[in-house]
Amino acid sequence: MTTETAMARTITLVFTGILMMMISGLVRGLIYVADAPRRRRVARKVAAGDDQR
């Protein structure tokens, strides 16, 4: 394998890794935002005393 193909492969791997990390962070953020109202309701119920999830 030549150094050029090795470099290209390394760059591709690094780029793919960064992209996947960004996507997973975005998905986690979306899930967190979407889940916030439900979490707040559960917290309010627990504070009120009747613990029914």
Checklist entry - Stepwise, does the side-chain contact (heavy atoms from CB on, under 4.5 Å) test hold for F15 with M20? => result CA-CA 9 Å; F15 182 75; M20 280 173 70; over 6 Å; no

Checklist entry - When hydrophobic residues are tied together by side-chain contacts of less than 4.5 Å, even through go-betweens, does L13 share a cluster with M21? => result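 Each belongs to a different hydrophobic cluster.
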
Next on the checklist: Going by salt bridge (charged side-chain N to carboxylate O under 4.0 Å, His left out), name the pairs with one or both residues in residues 25-34, residues two or more places apart or in two chains.
Outcome noted: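 Qualifying pairs: none.
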
Item to check | Closest non-hydrogen atom pair, V33 against P37 | outcome: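 What the structure gives for the nearest pair is O-CD, 3.7 Å.
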
Checklist entry - Quick one: side chain to side chain contact (heavy atoms under 4.5 Å, CB included) partners of I11, sequence neighbours excluded? => result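 None.
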
Item to check | Partner residues of L30 under the side chain to side chain contact (heavy atoms under 4.5 Å, CB included) criterion, sequence neighbours left out | outcome: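 With neighbours one apart ignored, the set is empty.
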
Checklist entry - What's the spacing between R44 CZ and R41 CZ if we round to 0.5 Å? => result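 Those atoms lie 8.5 Å apart.
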
Next on the checklist: Could you measure the distance from the CG atom of L26 to the CD1 atom of I31? Nearest 0.5 Å is fine.
Outcome noted: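 One finds 10.0 Å between CG of L26 and CD1 of I31.
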
Item to check | R38 atom CZ: more than 12 heavy-atom contacts under 6.0 Å | outcome: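 Result for CZ/R38: open.
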
